[in-house]
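Here's the structure we're looking at; comments come further down.
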Amino acid sequence: MWNKPWTMKEGFLIGGGLIIAGLALEMSVGPVVWDAFAWPVNGIVLAGFMVMLTVMVYLRRKVYAFQWMSTYQAAIPAMVYAVVMTIIMGLMRQQVNGTWLNNMLSFWPFVLIYVYITVILGLVIHRRLRKMFRSGGSMKHDIPFILNHLGLFIALTTATLGNADMQRVKMITAVGEPEWRALTQQGSVKEMPIAIELKKFIMETYDDGSPKRFASEIQILTKTGKNIETIVDVNKPYEVDGWKIYQYGYDTNMGAKSTISILELVSDPWLPLVYAGIYMMLGGAVCLFVLGGKRSS
């Protein structure tokens with residue numbers, strides 16, 4: 001054990017050590033407070049993370065652990081831990097103020113394992129790029145590999161750090177009354193950069209009276225001077241100034257005669273970067289299929 005070259009045994013021990021360290025943090029300081037990473041803190045953390053990866057790459061010949069972390073002996077145990085914890089998250093009911101396994105996204109062991117995987121990804125990508133530029137590489141193998149791994153790296157980092165900047169609020173709009181206040185998930189009142197007035201609540205029903213469709217005809221006023229009239233339908237949101245407006249609910253007692261409409265407003269400024277990572281992975285899969293098909297033919 002711990003004799004070079006390290007194997008997957010050391011990988012499982014390192015992963016287990018991270019889980020133990022995470023449990024110690026969970027019991028001493030509590031869950032991860034993602035709100036503390038709101039912009040510009042998350043930008044600074046991302047820059048620091050990239051600097052750390054650069055230093056690790058620079059020291060890879062001097063520090064054996066950094067060199068080993070770019071191998072499958074490190075990656076496979078880390079992925080096993082991540083898959084197990086993700087399965088647990090899927091089996092347990094998740095809630096914002098849940099404890100330990102009921103709030104996995106803020107559970108230190110879960111976070112540390114995924115940070116560890118992201119570090120491994122960064123080192124693996126650098127190793128492959130260095131090999132590709134030095135030896136010329138192979139388009140059939142290198143391009144799909146880089147797209148898949150770099151896409152996953154971008155998606156993981158931006159989804160994690162961008163979580164602090166995501167806002168999800170609910171606004172109760174009434175006919176003839178412009179509303180600019182909304183309720184956060186914590187129950188506090190937040191003044192919004194847009195005001196919404198309900199013009200008309202729309203409901204279509206089945207023969208038995210159950211709702212078939214409900215939507216809201218609304219007017220939106222923004223601080224940038226926009227005056228927009230549109231209809232927000234279920235699963236058909238309207239986007240303005242970085243906010244997506246969803247139809248959420250209505251006065252169920254009044255039904256089709258409801259004079260209020262509950263809208264959900266979501267802002268996620270990091271989402272385009274997450275999508276960019278996902279599209280890169282899809283591009284890698286397509287390249288793998290196309291280039292692999294050419295090779296087999």
Side-chain angles (χ1 to χ4, degrees), residues 11-46 48-49 52 75 77-122 152-171 182-190 192 237 242-244 246 248-249 262-275 277-278 281:
F12 280 108
L13 284 175
I14 290 173
L18 287 173
I19 290 177
I20 293 172
L23 289 172
L25 285 169
E26 190 79 20
M27 291 185 288
S28 58
V29 302
V32 178
V33 182
W34 288 113
D35 289 345
F37 290 87
W39 183 264
V41 175
N42 45 15
I44 295 171
V45 170
L46 179 58
F49 183 71
M52 182 193 74
M79 289 300 299
V80 170
Y81 281 115
V83 168
V84 170
M85 298 187 77
T86 303
I87 291 173
I88 293 173
M89 181 175 68
L91 295 175
M92 303 293 291
R93 180 181 179 183
Q94 301 296 301
Q95 47 193 8
V96 175
N97 296 319
T99 57
W100 290 36
L101 301 182
N102 296 112
N103 189 13
M104 291 288 282
L105 292 179
S106 297
F107 187 43
W108 274 106
F110 183 86
V111 173
L112 290 181
I113 288 294
Y114 271 89
V115 170
Y116 180 48
I117 286 177
T118 308
V119 171
I120 291 174
L121 266 175
L152 180 57
F153 179 85
I154 292 173
L156 279 176
T157 52
T158 55
T160 301
L161 292 173
N163 181 60
D165 289 329
M166 188 181 74
Q167 300 181 65
R168 188 185 298 270
V169 299
K170 291 184 176 62
M171 179 183 287
L183 288 175
T184 67
Q185 290 179 302
Q186 291 73 33
S188 60
V189 177
K190 175 182 175 65
M192 303 295 294
W243 288 90
K244 282 189 176 182
Y246 294 85
Y248 185 81
I262 305 173
L263 305 174
E264 184 175 58
L265 284 69
V266 180
S267 173
D268 192 352
W270 291 65
L271 191 58
L273 292 173
V274 178
Y275 281 151
I278 294 172
M281 287 189 284

Apply side chain to side chain contact (heavy atoms under 4.5 Å, CB included) to D268 and K244, showing your working.
CA-CA 9 Å; D268 192 352; K244 282 189 176 182; over 6 Å; no
Sub-4.5 Å side-chain heavy-atom contact between [X] and [Y]:
{"X": "L105", "Y": "M89", "answer": "yes"}
{"X": "V111", "Y": "W34", "answer": "yes"}
{"X": "V169", "Y": "L183", "answer": "no"}
{"X": "F37", "Y": "V45", "answer": "yes"}
{"X": "W270", "Y": "N42", "answer": "yes"}
{"X": "K170", "Y": "L263", "answer": "no"}
{"X": "T118", "Y": "F153", "answer": "yes"}
{"X": "S267", "Y": "M166", "answer": "no"}

Are the side chain of T157 and the backbone N or O of I154 linked by a donor-acceptor pair below 3.5 Å?
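Yes; at least one donor-acceptor contact below 3.5 Å.
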How many angstroms lie between [atom1] in [X] and [atom2] in [Y], if you round to the nearest 0.5 Å?
{"X": "T158", "Y": "N163", "atom1": "OG1", "atom2": "CG", "answer": "11.0 Å"}
{"X": "L112", "Y": "L18", "atom1": "CG", "atom2": "CG", "answer": "6.0 Å"}
{"X": "R168", "Y": "L265", "atom1": "CZ", "atom2": "CG", "answer": "11.0 Å"}
{"X": "N103", "Y": "R93", "atom1": "CG", "atom2": "CZ", "answer": "12.5 Å"}
{"X": "W243", "Y": "M171", "atom1": "CH2", "atom2": "CE", "answer": "8.5 Å"}

Option passing side-chain contact (heavy atoms from CB on, under 4.5 Å) with W108 (candidates L25, I19, L23):
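Only match with W108 under side-chain contact (heavy atoms from CB on, under 4.5 Å): L25.
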Give me the atom names and distance for the closest heavy-atom approach of [X] to [Y].
{"X": "A82", "Y": "Y114", "result": "O-OH, 3.8 Å"}
{"X": "A155", "Y": "M281", "result": "CB-CE, 4.4 Å"}
{"X": "M92", "Y": "L101", "result": "CB-O, 3.6 Å"}
{"X": "M85", "Y": "M104", "result": "O-CE, 3.3 Å"}
{"X": "G11", "Y": "P77", "result": "C-CB, 3.5 Å"}

Can you tell me if CZ on F12 sees more than 12 non-hydrogen neighbours from other groups inside 6.0 Å?
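Atom CZ in F12 is crowded, with more than 12 foreign heavy atoms closer than 6.0 Å.
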Could you go through the side chain to side chain contact (heavy atoms under 4.5 Å, CB included) check for F49 and V119 one step at a time?
CA-CA 9 Å; F49 183 71; V119 171; 3.6 Å; yes
Y81 side chain to T86 side chain, donor-acceptor N/O pair below 3.5 angstrom
no
Side chains of Q167 and K190: donor-acceptor distance under 3.5 Å anywhere?
yes
